[in-house]
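Proteins get letters first, then strands, A, B, ... in listed order; numbering begins at 1 in each. Note that this is a predicted model, so its numbers are computed, not measured.
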There are 2 protein chains.
Amino acid sequence: MPQFSPLPKSSQPLEKGLHKDGRRLTPQRLRVLHLFEDLGSGRHLSAEDVHHKLVESNTKVSLATVYRTLRLLVEMGFLHQLELSENGHRFELANDDHPDHHHLVCIRCGRTEEFECDEVLEAGKLAAERIGFQLVESTLNVRAICPSCTPK
Amino acid sequence: MPQFSPLPKSSQPLEKGLHKDGRRLTPQRLRVLHLFEDLGSGRHLSAEDVHHKLVESNTKVSLATVYRTLRLLVEMGFLHQLELSENGHRFELANDDHPDHHHLVCIRCGRTEEFECDEVLEAGKLAAERIGFQLVESTLNVRAICPSCTPK
DNA sequence: GTTGATGCAAAAACTTTGCATCGTG
DNA sequence: CACGATGCAAAGTTTTTGCATCAAC
C-alpha cells in the first residue's frame with residue numbers, strides 16, 4: 001500500500017464556504033489551498049506548477065481537478081488570479097496579512113517582485129467610482145527590466 | 001480578377017523601423033497597423049478580431065501572419081499588448097496623443113473603459129527605481145462590475 | 001537573385017468538458 | 001445513499017512553427 005503524505009488539518013473557512021453552497025470538502029481542495037498557505041504569500045503558481053507540486057508530494061490529483069479547484073478558490077476569494085504572464089494564468093494566495101499589492105515583472109527573465117502602494121489603490125477606487133463601476137480589485141502591473149537583464 | 005481595397009499610404013515610421021533591421025514592408029504589415037490607426041485609439045482587438053476585420057475588407061492575410069505581425073508591432077512599439085482578458089491577448093495602438101493609460105474592465109461583460117492617472121504612473125516609476133529595475137511601462141488594471149451587470 | 005515573409009496545415013500549449021465512478025455529507 | 005467531485009480522455013481555444021512558395025529589396 002502506497003504511502004501518502006498526511007492530510008493537512010481542515011480549513012474552517014474553506015469548509016464553511018463550501019458547505020454554504022452545498023459543495024464538499026475534498027482532500028484535493030484542501031491540498032491545493034494548503035499548498036499556497038505552506039508556500040506563504042507572494043508565490044505565483046501556474047496550474048501546471050500546482051499539479052506538479054502536489055503530485056511530487058504524493059497527492060493524487062488530476063490536472064483537470066487542479067483547474068477546477070483553482071477556479072473555485074478564486075471565486076471563493078481564497079486565491080487571486082494574476083494577469084501578468086505571457087503564457088497562462090498564475091495564482092497567488094489572497095492573504096489578509098498581505099493585502100492588495102502590485103507586481104513588477106522583468107520582461108526578459110520573468111523575475112517578479114511585489115510592492116504595495118496605497119496611492120495606487122486609491123486611484124483605482126476613484127476611477128471605478130467616477131464611472132459608476134463597483135470595484136473588485138485593482139492592481140498595478142509594472143513591466144521593467146531587472147539588473148541582470150539590463151544590457152551593459 | 002478580384003477587387004481588393006486600395007493599399008493605404010506607406011507609413012514612414014513603420015518602413016524605416018523595418019528596414020533598419022533588415023525587415024521588409026509588406027502589404028499585410030501595413031494593413032494591420034492601418035487597421036488600428038483607422039479605428040483610432042482606445043480600441044482593444046484580439047488577433048482573431050484583427051484577422052476578421054482584414055478579411056472582411058478584402059485583405060488577403062492568414063491568421064498566422066496576423067499573430068506574427070502583432071508580435072512584431074508590439075516589439076517595434078507601434079502597439080501595446082494588454083493583459084486584461086481572460087481569454088487571449090488584446091492589442092491597442094500605442095499613440096502619442098493617447099499616452100500611458102489604464103483600464104477598467106467589467107469582469108462580467110468585459111466592457112472596458114480607459115482612464116489616465118499621473119499618480120499611478122509616478123508610483124510605477126518609483127517602484128521600479130527603488131528596486132533597480134529599468135521601467136518599460138506600468139498600467140493599472142482595475143477589475144470591477146459595471147452598472148448593467150450590478151445585481152439589483 | 002537573395003533572402004525575408006507568407007500561407008497552409010500540423011503541432012504545441014493551455015484549458016474545459018462528458019461521462020463513468022468514487023466518496024462526502 | 002444521493003448527489004457533488006474526481007479522473008480520464010477527448011475536444012476546445014489560442015498561439016506557434018516547419019516548409020514550400022512568393023515577393024520585397
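Ranking C:dT24, C:dT6, D:dT15 by closeness to the B:Leu63 side chain, first place goes to D:dT15. Nearest nucleotide to the B:Arg71 side chain, out of C:dT6, D:dT16, C:dT3: D:dT16. Comparing C:dG7, D:dA2, D:dG7 by their nearest atom to the side chain of B:Lys60 picks out C:dG7. Picking from D:dG7, C:dG25, C:dT6 the nucleotide with the shortest atom distance to the side chain of A:Arg24 gives C:dG25. When distances run from any side-chain atom of A:Pro27 to the nucleotides C:dG7, C:dT24, D:dG7, the shortest one goes to C:dT24. The side chain of A:Ala64 approaches D:dA9 more closely than any other nucleotide in the set D:dA9, C:dG25, D:dT15.
A donor-acceptor distance shorter than 3.5 angstrom exists from the side chain of A:Arg90 to the backbone of A:His44, with no hydrogens or angles considered. A donor-acceptor pair under 3.5 Å links the side-chain atoms of A:Arg29 to the main chain of A:Arg24, judged by distance alone.
Counting to the nearest Å, the P atom of D:dG4 and the CG atom of A:Leu30 are 21 Å from each other. In this structure, the CG atom of A:Leu70 is 15 Å from the C1' atom of D:dT6, given to the nearest Å. As rounded to whole Å, 14 Å separates atom P of D:dT15 from atom NE2 of B:His51. B:Met76 places its CE atom 14 Å from the C1' atom of C:dA5, with the value rounded to the nearest Å. In this structure, CG of B:Leu54 is placed 11 Å from P of C:dG7, rounded to the nearest angstrom. Rounded to whole angstrom, the span from the CG atom of B:Leu82 across to the P atom of D:dT14 amounts to 16 Å. Rounded to an integer number of Å, the gap from CZ of A:Phe91 to C1' of C:dT15 is 10 Å. For the pair A:His89 NE2 and C:dT15 P, the interatomic distance rounds to 7 Å; values are reported in whole Å.
Annotation: the span from A:His19 atom NE2 to A:Leu14 atom CG amounts to 8.5 Å, rounded to 0.5 Å. Distance check, rounded to the nearest 0.5 Å: CD of A:Glu119 to CD of B:Glu119 gives 9.0 Å. Atom CG in A:Leu63 sits 10.0 Å away from atom NE2 in A:His52 (nearest 0.5 Å). Taking CZ of A:Arg31 as the reference point, atom CG of A:Leu35 lies at 10.5 Å (rounded to 0.5 Å).
When the nearest nucleotides of DNA chain D are assigned to B:Thr26 and A:Arg23 by heavy-atom distance, the more 5′-ward of the two goes with A:Arg23. Mapping B:Gly22 and A:His19 onto DNA chain C by nearest heavy atom places B:Gly22 at the nucleotide closer to the 5' end.
At least one side-chain nitrogen or oxygen of A:Tyr67 sits closer than 4.0 Å to the OP1 or OP2 atom of C:dT15. Between D:dG7 and A:Gln28, a contact under 4.0 Å exists linking OP1 or OP2 to a side-chain N or O. OP1 and OP2 of C:dC8 both lie 4.0 Å or more from every side-chain N or O belonging to B:Ser62.
Side-chain N/O atoms of B:Arg68 and base N/O atoms of C:dG7 include a donor-acceptor pair closer than 3.5 Å.
At the heavy-atom level, B:Glu48 lies nowhere under 4.0 Å from the strands shown.
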